[in-house]
There are 2 protein chains.
Amino acid sequence: MRRDIFQAIADPTRRAIIALIALQALTPNAIAEHFQTSRQAVSKHLRVLTECELVTQQQHGREIHYSLQLERLQEVDHWLSQYRNLWETRFTQLDQVLSTLKNQKK
Amino acid sequence: MRRDIFQAIADPTRRAIIALIALQALTPNAIAEHFQTSRQAVSKHLRVLTECELVTQQQHGREIHYSLQLERLQEVDHWLSQYRNLWETRFTQLDQVLSTLKNQKK
DNA sequence: TATTTGCGAAACCGATTGGTTGCACATAAA
DNA sequence: TTTATGTGCAACCAATCGGTTTCGCAAATA
């Protein structure tokens, strides 16, 4: 199934999981300990995150360590960048208004 | 109802609406013309966007113009910034590794 | 070998989602 | 005044979501 990263980060639990594994890879059980939910529910979230390649798996014996693919978040950053330009332009325009007013005073 | 901005931008149609009204305010009818969906469906999306204060309404006679609240997107930007630090740190660390190798060569 | 542990997958369930159609109600135009 | 237009809202519906419980299987442990 084709997954969308925006839909993946829409769920607060999934954002919490992302925060958890940002610094170190964790197993589903280790992640589930941080929530009042079952390991299976966490596994379903990890499945969604895996499907949009936000996390990857490393198998160690019977344990599976999930780690965050930080660079995938740049897709969100890229989407945001078009609007970042806009709001920075807005500030630039405000600056221009202010400096125009300043010059008129002189 | 309390709305979440991440859930608001999860839907592709809503992201398209955001892109449409980023530059100029539009009416529901004008927005609906860009999609193969009913005006009422667009209205429901606008309701979601309004509830999380991503858009605001300006009434002009019987028309209602919806415009984007650009600065609300900074909430996403802020969430992203913690990870942006991480991926920039990662590059910095890579740079350090490279320069260490370079120095060892000398 | 027998048992425990870590995991994914499947079946199920209530709540939510995104769409529709059909209204009611203002405002603008004839 | 009568008619047309722009809109929000409610009712309905199939699909999806996020959770649970139950299961099967491979790997570690006794």
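In what follows, every chain begins at residue 1, and chains take the letters A, B, ... in the order their sequences are listed. Treat the numbers as computed from the prediction; the structure is a model and nothing was measured.
- For the residue pair B:T56 and B:Q69, a side-chain donor N or O sits within less than 3.5 Å of a side-chain acceptor on the partner.
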Let's go through A:D11 and A:K44 carefully: what are the C-alpha distance in whole Å and the side-chain angles of both, what is the deciding distance for salt bridge (Lys or Arg N to Asp or Glu O under 4.0 Å) to 0.1 Å, and is it a yes or a no?
CA-CA 12 Å; A:D11 184 82; A:K44 286 181 93 175; over 6 Å; no
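- Taking every heavy atom of residues 7-15 of chain A and every atom of DNA chain D, pairs under 4.0 Å involve A:Q7, A:D11, A:T13, A:R14, by number.
- Residues B:V48 and B:I9 are members of separate hydrophobic clusters, defined by side-chain heavy-atom contacts under 4.5 angstrom among Ile, Leu, Val, Met, Phe, Trp and Tyr.
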Could you go through A:L73 and B:W79, starting from their C-alpha distance and side-chain angles, then the distance that decides it, and tell me whether this counts as side-chain contact (heavy atoms from CB on, under 4.5 Å)?
CA-CA 11 Å; A:L73 285 175; B:W79 175 77; 3.9 Å; yes
Go through it in stages, so that I can follow the logic: the residues are B:Y83 and A:D77, the test is side-chain contact (heavy atoms from CB on, under 4.5 Å), and I'd like the CA-CA distance, side-chain angles, deciding distance and then a yes or no.
CA-CA 10 Å; B:Y83 302 107; A:D77 194 52; over 6 Å; no
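- The stretch residues 30-46 of chain B comes close to DNA chain C through B:T37, B:S38, B:Q40, B:A41, B:K44, B:H45, each having a heavy atom under 4.0 Å from the strand.
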Evaluate A:L23 against B:L86 for side-chain contact (heavy atoms from CB on, under 4.5 Å), listing each step before the verdict.
CA-CA 9 Å; A:L23 295 175; B:L86 279 181; 3.8 Å; yes
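- Using a distance-only test at 3.5 Å, with no hydrogens or angles considered, no donor-acceptor pair links the side chain of B:R3 to the main chain of B:A8.
- Taking only distance into account, the side chain of B:R62 meets the base of D:dT5 through a donor-acceptor pair shorter than 3.5 Å.
- B:S43 places no side-chain N or O within donor-acceptor distance of the main-chain N or O of B:Q40, the cut-off being under 3.5 Å.
- Put simply, A:N29 has no side-chain N or O that comes within less than 4.0 Å of OP1 or OP2 on C:dT5.
- Side-chain nitrogen and oxygen atoms of A:R3 include at least one within less than 4.0 Å of the OP1 or OP2 phosphate oxygen of D:dC17.
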